[in-house]
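Structure record follows, encoded as structure tokens.
Only heavy atoms go into these numbers, but all of them, side chains included; no hydrogens, no water, no symmetry mates. To find a chain, count down the sequence lines: A is the first, B the second, and so on, and within it residues start at 1. Keep in mind that this is a model prediction, so the values were computed, not measured.
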There are 2 protein chains.
Amino acid sequence: MGITASQIRQDLNCFGGFGQQGYGYNVEYLYNEIGNILGVNEAFKVIIIGAGNMGQALANYSNFEKRGFRLTGIFDINSSLVGKKIRDIEIMHLDSLERFVSENEVDIAILCVPYEHTPAVADKVARLGVKGLWNFSPMDLKLPYDVIIENVHLSDSLMVLGYRLNEMRKTEK
Amino acid sequence: MGITASQIRQDLNCFGGFGQQGYGYNVEYLYNEIGNILGVNEAFKVIIIGAGNMGQALANYSNFEKRGFRLTGIFDINSSLVGKKIRDIEIMHLDSLERFVSENEVDIAILCVPYEHTPAVADKVARLGVKGLWNFSPMDLKLPYDVIIENVHLSDSLMVLGYRLNEMRKTEK
DNA sequence: TAGATTGTTAATCGATTAACAATC
DNA sequence: TAGATTGTTAATCGATTAACAATC
């Protein structure tokens with residue numbers, strides 16, 4: 001993985017000692033403990049807001065379930081999408097979000113709404129008490145509430161790729 | 001942005017001096033120069049491989065065009081998708097990839113194929129001479145060729161969110 | 001005991017920040 | 001000249017790496 005043994009020991013010791021000097025690590029135990037640290041052994045209830053291509057792609061991506069993220073609801077304002085089912089989860093109208101959140105525990109909201117609607121939707125979700133936001137809009141979302149926000153900036157990654165391609169070309173000339 | 005003035009000056013000086021001491025920066029000129037450094041003023045020809053939800057989502061995301069990434073082809077093995085058009089780009093069968101790449105310049109291939117097919121598809125694309133790969137499969141793709149690979153690991157970001165939510169809960173208890 | 005492996009301290013490296021010189 | 005702003009060197013900070021002690 002391109003990581004030194006030293007670094008792994010150093011990193012693990014930020015959270016405690018998981019091995020036995022002279023003996024080694026119990027791999028299964030360590031794997032589990034790392035899971036506990038990351039919280040993947042917790043069960044998070046997740047909703048998706050915005051059932052466009054990105055929202056549907058994420059809804060269909062079942063790998064998240066393995067990490068303890070369970071999709072419990074999908075919301076959109078497009079009435080032609082409302083009622084449609086994705087992996088047994090019915091798409092609901094955004095208007096019913098408030099009732100849903102009050103009746104069901106929701107830990108994380110995945111925001112897949114268009115750029116211009118993102119701040120308003122994020123604000124609404126946060127005020128309803130959802131503590132985790134996963135934002136796919138190309139903006140650095142910040143909120144004045146006690147909310148954890150992870151911004152996914154795909155274009156950043158693409159620009160890094162472009163930069164590196166450019167550099168390669170320069171050095172090859 | 002949470003960045004000190006010092007850091008901006010330091011970073012810019014990695015690439016040269018773009019301002020005038022005592023006078024300031026010409027914002028328009030600097031903006032353009034940063035674009036040149038990042039390569040967003042170049043025109044990259046991009047193809048998408050895999051026209052599932054993620055591939056379609058990226059194909060419809062027109063913002064990349066603004067940064068100089070022009071979508072020129074979409075490929076899939078699912079024959080029910082072949083022939084369909086996304087933003088005027090016809091989905092082609094993966095079998096015609098080789099001919100397409102030889103007849104058209106392709107700088108970047110976006111890989112949106114299922115996990116198990118990723119290494120084989122990546123290998124094929126790289127051997128055809130595509131120099132940039134943007135990989136959306138949850139694996140750290142590495143190839144023995146002179147190819148630039150950017151891996152997008154969405155689940156990493158989600159796990160960070162889970163970790164931070166967990167931490168918040170712990171400290172609040 | 002000898003070899004092996006983790007925990008922990010020390011050394012090194014790189015990046016960020018601060019200070020100041022150069023210039024308008 | 002005085003004030004303001006960038007370029008560049010020095011100081012600080014944090015993370016990575018190396019060294020070694022502890023232990024099986």
Complementary nucleotide for C:dC24 - Watson-Crick or wobble, under 3.5 Å: D:dG3
Partner lookup for C:dG14, please. Criteria are Watson-Crick or G-U wobble with both distances under 3.5 angstrom; report none if nothing qualifies. D:dC13
A:Gln21 CD to C:dT8 C1', in whole Å, measures 9 Å
Using a 3.5 Å distance criterion without hydrogens, assess whether the side chain of B:Asp107 forms a donor-acceptor pair with backbone atoms of B:Lys45. yes
Using OP1 and OP2 only, check whether a side-chain N or O of A:Ser6 sits under 4.0 Å from D:dT16. no
Grab the CD1-P distance between B:Ile8 and D:dT8 for me, whole Å please. 17 Å
Tell me whether the side-chain N/O atoms of B:Gln20 come closer than 4.0 Å to OP1 or OP2 in C:dC24. yes
Here the distance between atom C1' of D:dT6 and atom OH of B:Tyr29, to the nearest Å, is 14 Å
Okay, side chain of A:Ser157, backbone of A:His153: is any donor-acceptor separation there less than 3.5 Å? no
Taking atom C1' of C:dT12 as reference, at what distance in whole Å does atom CD of A:Gln10 sit? 13 Å
When rounded to whole Å, the OH to C1' distance for the pair A:Tyr23 and D:dT23 reads 13 Å
Can you check the B:Asp11 CG to D:dT8 C1' distance for me, whole Å? 14 Å
Which distance, rounded to the nearest 0.5 Å, do you find between the CG of B:Leu161 and the CD1 of A:Ile149? 9.5 Å
Are the side chain of B:Arg87 and the backbone N or O of B:Ala59 linked by a donor-acceptor pair below 3.5 Å? yes
Nearest-Å distance for atom pair OH/C1', residues B:Tyr25 and D:dA4: 13 Å
Using purine N1 to pyrimidine N3 plus N6-O4 or O6-N4 for Watson-Crick, or N1-O2 and O6-N3 for G-U wobble, both under 3.5 Å, which nucleotide pairs with C:dT8? D:dA19
Please report, rounded to the nearest Å, how far the C1' atom of D:dA4 is from the CZ atom of B:Arg9. 12 Å
